[in-house]
Amino acid sequence: MTTKPEPLEPHLDSVLEQSERVIDLLNDWRRRQWIRPLDLAFSSFLLKECPDAPPLLILSSALLSHQLGRGHVCLDLNATLLGPSEVLHIPPIGEMLGMKAPFEGILDILLKGLTADLWAKRLQYEALISSGAGSTPLVLERGRLYFRRYWAYEKGVRTLIDQRIGLFIDHSDPTLDRELPRRLNSLFQSSAIGPIHWQKIACALAARQGFTIITGGPGTGKTTSVLKLLALLQSIQSEESEPQKPSPRLRIQLAAPTGKAAQRLNTSISKSIRQGAIDPSQHAEKVLEAMPQKALTLHRLLGYQAGSRQFRHNQHHPLPIDVLVIDEASMIDLEMMHAVLLALPANARLILLGDKDQLASVEAGTILGEMCQRAHKGHYSFEIQEWLLKVTGEALPKEMIDPASTPLDQAIVMLRDSHRFKEDSGIGALGRTIRDGDLQALHGLWGEGYRDIAVVQMIDNDIKPLQRLVIEGQLLLEEEGRYGYRHYLETLHQDEPSRDAHPEDFSAWALKVLEAHSAFQVLAGVRKGAFGVDALNTLIAESLHQEGLLSASDGWYLGRPVMVIRNDYALGLMNGDIGITLRLPVEGGGSALRVAFPNEEGTHGVRWVLPSRLRDVETVFALTVHKSQGSEFAHTALILPPHHTGIMTRELLYTGVTRASEWFTLVHTGDQSILQKTVLQRVERHSGLIAHG
């Protein structure tokens, strides 16, 4: 049980009388780790520069900084007043559970009697805050308090997206409308697996405008759709070229927020091409020629400059591209999206791919989720309905037509039919149930006989079931095929080349081990605690060592899996890259440890790195769900903590479940309320992105 804190000083009823009292209170919160040192430092700086600033403004500046650290773009005054302690998590939810008044409602007491209008009025101070004009550090607009930089990012992102949506829409030229049906029919010769061919609709809408979002769950065909779209755009480009001249290639670039996501995009694109996703197109060869050799991280694409927030490519030095496709767009934060939009040439198309129901970026903003919040119900205009029927032959459902639709609504397509998870898939059913927040369906799901989902329950903190799971992959002998970590370690030992083998044999071995390792992954919702990532990594390493599968359980040892946690441009390693520690022969006899990473293309070769050169890595027998985004594993085991915390949300659970392609195992301590609370709790990040439209 949480220990009751010492009494707060100064008394709450007098805090907002003087700014110095606010700083005293914030100091107390910092000592309790309720806010960050940065939050206190910012408020103290403002008071030092403006000693007569209103006390409520000093408090609000700390709360704004605190919210930014939690992923919010702004401090929403109206939303905060509905439940200050719950919205701001001050005190943290875990501590609130063990406290008695007045600690349960510190902020409720401080803000008591305020309305949003009165709060805004009491923030007025010309030197520090404005409605956007000038250069004040704070901006208050429409009941939202911003840091000026983030206000400018948000306003800029919405303006630039709205401008790009309007590109290429020319109703006075009937050529596109006349030719689109033929081109689309040549690309989509097979029928849809659902009542509506959403992939075909996505391509049609994206050909019409300069900005498109294609969202959908795992296996709904986002990659296939974008390949067909690129073929469509290339055919338009070729047929519009001058006679007797070679048709120009589109300058296409693929990108993703992290190295792992970029690598997976490379693999998905290559797989789709091998499976003939664009064979029906007469311009398929030109598209293949135009396709880049590899997807880049957004930092590498824009030209990251060490020690700076600026990139080499910007509005003054735009990217040399015609089409930019960004996968895993749910991971893009507000600042990065702003940088991408600034760096795009005026007539370039931007296509975002992602699952709107996944976790948002760790940094501030939830761009994809906010823009797609109306995607499920469509909200298409009558004009678009008629146009789509004409060029695709697809009739939108009446309930998806909205007379009050917006231009942004017409730029978003949600793919709804999964090619990966069939009707008998427990993973697919579980993902949909979590996504929809259906507790009744969730409760009965485990008893419906699905073979690809399982539950492991640890009674009285008995970790033996967990140990068996991570080693073998299953608890029952008849559950053959559910990979655990034994699989990759036995591959490592059994297939190791002889010392005098050719270097290519060692690369082939490393790739085989890396592939085997990707068959199973333990995920955790939290980092700290008995079942957080840190403790789980120690437990799993020790368990594998005791089983005789590892020679050691700490330091650098054969078989240690590591993840890069910070981009290393010198080594060519990106945040999210996973490598396995292996051994190579060295001159003079013997062997030495090297870490094998798949190369940047993600399909051929290996990069060998000395362990001593890897400073920003961590062991990854267990990963946070956040770190797993952009990855896919045959078997995923998600471990719930024994107590529900504020970061355990529906989006986190959904993301963890949908990392699995063949099997999913849920591990919990027996308290079903934790699962239920997690499904009910949504990620709520405050911003004004939609309001700026």
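Residues: numbered from 1 along the sequence shown. In this text the structure is predicted, and so the values were computed from the model without any measurement.
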- Return each pair, listed once, that meets ring-ring contact (aromatic ring centres under 6.0 Å, His included) where at least one residue sits in residues 340-372; pairs must be two or more places apart or across chains.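 Every pair satisfying ring-ring contact (aromatic ring centres under 6.0 Å, His included) with a residue in residues 340-372: there are none.
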- Query: Can you list every pair that meets ring-ring contact (aromatic ring centres under 6.0 Å, His included) and has a residue in residues 324-372, with sequence neighbours left out?
  - Reply: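 Qualifying pairs, neighbours excluded: Tyr153-His338.
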Kindly write out the residues that satisfy side chain to side chain contact (heavy atoms under 4.5 Å, CB included) with [X], not counting sequence neighbours, or none if the list is empty.
X      : result
Thr297 : His299, Arg300, Met574
Leu614 : Trp556, Leu571, Leu573, Val595, Phe597, Val609, Val617
Leu302 : Phe311, Leu319, Met336, Ala339, Val340, Ala343
Arg416 : Trp198, His376, Met400, Met414

- Task: Give a yes-or-no answer on whether the side chains of Tyr380 and Gln410 include a donor-acceptor pair shorter than 3.5 Å.
- Result: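 Distance-only check fails for Tyr380 and Gln410.
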- Query: Any luck finding a side-chain donor-acceptor pair between Ser130 and Arg148 under 3.5 Å?
  - Reply: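 There is such a pair (donor and acceptor under 3.5 Å, judged by atom type) between the side chains of Ser130 and Arg148.
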With sequence neighbours excluded, what pairs up with [X] under the side-chain hydrogen bond (donor to acceptor under 3.5 Å, both in side chains) test?
X      : answer
Arg36  : Asp39, Ser65
Arg374 : His379, Asp402, Asp409
Ser687 : Glu370

- Query: What pairs with Asp333 under salt bridge (Lys or Arg N to Asp or Glu O under 4.0 Å), at least two apart in sequence or on another chain?
  - Reply: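 For Asp333, no residue satisfies salt bridge (Lys or Arg N to Asp or Glu O under 4.0 Å) once neighbours in sequence are set aside.
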- Considering residues at least two apart in sequence or located in another chain, which fulfil the salt bridge (Lys or Arg N to Asp or Glu O under 4.0 Å) criterion with Arg527?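 So Arg527 forms a salt bridge (Lys or Arg N to Asp or Glu O under 4.0 Å) with Asp534, Glu618.
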- Item | Pairs meeting criterion side chain to side chain donor-acceptor pair (under 3.5 Å) with involvement of residues 351-360, two or more places apart |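 Residue pairs with at least one partner in residues 351-360: Asp355-Tyr654, Gln358-Gln629.
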- Item | Side-chain ion pair, Arg158 and Asp162, N-O less than 4.0 Å |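 Answer for the salt bridge query: yes.
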